[in-house]
2 protein chains.
Amino acid sequence: MRARLTASRERIIDAALGILAEHGYAGCSVAAVAERAGLATGSVYRHFPAKADLFAEVFRTASQGEIDAVTRAATAESTAAARVRAVIETFAGRALRSPRLAYALLAEPVDPAVEAQRLVFRRAHAALLAGYIADGVASGELPAQDPELTSTAVVGALAEAMVGPLAAGVAGPDTIGGLITFIHRALGVPS
Amino acid sequence: MRARLTASRERIIDAALGILAEHGYAGCSVAAVAERAGLATGSVYRHFPAKADLFAEVFRTASQGEIDAVTRAATAESTAAARVRAVIETFAGRALRSPRLAYALLAEPVDPAVEAQRLVFRRAHAALLAGYIADGVASGELPAQDPELTSTAVVGALAEAMVGPLAAGVAGPDTIGGLITFIHRALGVPS
DNA sequence: CCAAGAATTGAACCACCGTTCATTTCTTGT
DNA sequence: ACAAGAAATGAACGGTGGTTCAATTCTTGG
């Protein structure tokens with residue numbers, strides 16, 4: 001019974017994530033989510049007090065997956081420059097592989113309550129980068145700078161450069177390479 | 001009569017802009033706009049076929065004002081580095097002076113139809129910067145790069161770095177200076 | 001000054017969608 | 001097998017807010 005309950009909860013989240021990845025947030029009515037999960041509309045409210053809570057969790061889960069992937073790629077490297085490169089490649093690569101989901105997580109209009117979760121997502125990426133940048137500054141690999149500010153700017157540059165390709169469906173031939181050069185320069189990585 | 005008509009239209013746009021700057025897009029119901037313009041709700045529809053059309057024009061007008069201000073500041077300079085600096089200072093300075101409006105133009109959740117106009121806004125800034133960057137590359141002031149990509153990344157970095165301060169109400173002591181350094185480095189401006 | 005037509009009004013309309021809840025179905029311990 | 005309680009159902013509700021339109025007011029040419 002307990003298992004069935006948590007299974008339903010999982011199915012709801014998966015269904016929401018699926019619709020998010022296929023039709024964006026606009027397609028995510030509670031009725032649509034419930035139908036895809038094989039439940040009645042009202043049953044969603046046995047698991048989540050409100051739609052915003054459901055999608056806060058969906059965004060949180062999806063974001064954590066992205067953060068984990070990026071972190072995994074970065075920790076395999078040892079210099080700040082290589083770590084930042086790994087973050088960019090992983091972030092952009094995954095976004096281009098799931099463009100609809102990436103757009104929803106990054107830029108699609110959502111309820112204010114869910115928007116808050118998106119900020120958490122971006123801040124988590126920025127915090128990760130800030131750590132690498134601070135390490136690089138401490139070790140002398142990078143010039144002095146405010147890691148909070150530069151990591152935020154890096155996340156903004158990354159996200160903005162992705163939104164166009166995500167909307168258009170394809171990225172230019174060397175979008176990722178160009179971004180790496182841009183960001184390495186911006187952080188003062190020696191060439 | 002003709003004059004009265006266009007005057008009403010102007011008043012509607014001004015009212016919408018005013019509410020946008022004071023209460024954000026969330027406060028911009030058609031009824032609220034009409035009341036501030038001194039008209040009945042229904043009269044708005046004599047001038048605009050739908051709310052989205054009204055706000056597309058509002059966003060377009062406001063954006064054009066920002067673009068003009070930034071362009072004016074940049075054309076007073078002669079090197080690519082100085083022009084980019086002028087763009088950053090003007091953009092950020094104006095945003096911090098009208099934080100609510102800037103937030104609405106940059107990041108607040110809006111209808112998809114209005115969102116499209118926001119992309120135009122960001123693209124216009126990027127196009128402006130792309131021109132300066134391309135000139136800089138052509139004259140040898142800047143290293144080789146794809147001006148489309150780097151200008152987009154610059155706009156993203158700028159916008160992302162502004163959203164935090166705009167939400168918090170204040171910018172850090174040297175946010176703008178830090179951004180200039182970051183972006184100059186990113187573009188390869190010689191130090 | 002007076003119709004004729006345009007402009008304005010604002011209350012009513014309607015569609016959408018999140019949320020609720022009385023009813024039904026299922027699970028489980030005895 | 002049975003009762004008691006939990007879980008699921010889905011139709012109905014309600015609030016919101018964009019949009020419409022018949023009634024009214026204003027403008028203007030003769």
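Heavy atoms only: backbone and side chains are in, while hydrogens, waters and symmetry mates are out.
Following rounding to the nearest Å, B:Ile19 (CD1) and D:dG17 (P) show an atom-to-atom distance of 13 Å. For the pair A:Arg9 CZ and D:dA8 C1', the computed distance is 17 Å after rounding to whole Å. Distance, A:Tyr25 OH to C:dC17 P: 12 Å, rounded to whole Å. Summarising the geometry, the separation between CG on B:Asp53 and P on D:dG18 is reported as 13 Å, rounded to the nearest angstrom. With rounding to whole Å, A:Asp111 atom CG is found 15 Å from D:dT16 atom P. Taking atom CD1 of residue B:Ile12 and atom P of nucleotide D:dT19, one finds them 13 Å apart after rounding to whole Å. Rounded to whole angstrom, the span from the OH atom of A:Tyr45 across to the C1' atom of D:dA11 amounts to 15 Å.
Contact record, B:Met162 with B:Ala95: SD-CB, 4.2 Å, taken as the closest heavy-atom pair.
B:Phe55 has its ring centre no less than 6.0 Å from the ring centre of B:Phe48.
A donor-acceptor pair is defined here as one N or O able to donate and one able to accept, closer than 3.5 Å; no such pair exists between the side chain of A:Ser98 and the backbone of A:Leu101. In this structure, A:Thr90 contributes its side chain and A:Val70 its backbone to no donor-acceptor pair below 3.5 Å.
Within the 4.0 angstrom heavy-atom criterion, only backbone atoms of the sugar-phosphate kind lie near B:Ala50; the bases stay farther away.
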Any protein N or O atoms within reach of nucleotides 10-12 of chain C? Criterion: under 3.5 Å, listing atom names and distances.
residue: C:dG10; atom: N7; partner: B:Gly42; partner atom: N; Å: 3.2

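Ion pairing of B:Arg122 with A:Glu160 is present here, as a side-chain N (NZ or NE/NH1/NH2) and a carboxylate O approach within less than 4.0 Å. A salt bridge links B:Arg36 to B:Glu22: one of the charged nitrogens lies within less than 4.0 Å of a carboxylate oxygen.
Comparing C:dT8, C:dT19, D:dT19 against the side chain of B:His47 picks out C:dT8 as the nearest. Residue A:Arg46 has its side chain nearest to D:dA8 when only D:dG18, C:dT19, D:dA8 are considered.
Listed pair B:Ser8 / C:dT8 meets the phosphate criterion, a side-chain N or O lying under 4.0 Å from OP1 or OP2.
Side-chain contact, A:Thr150 with A:Gln145: a donor N or O sits under 3.5 Å from an acceptor N or O.
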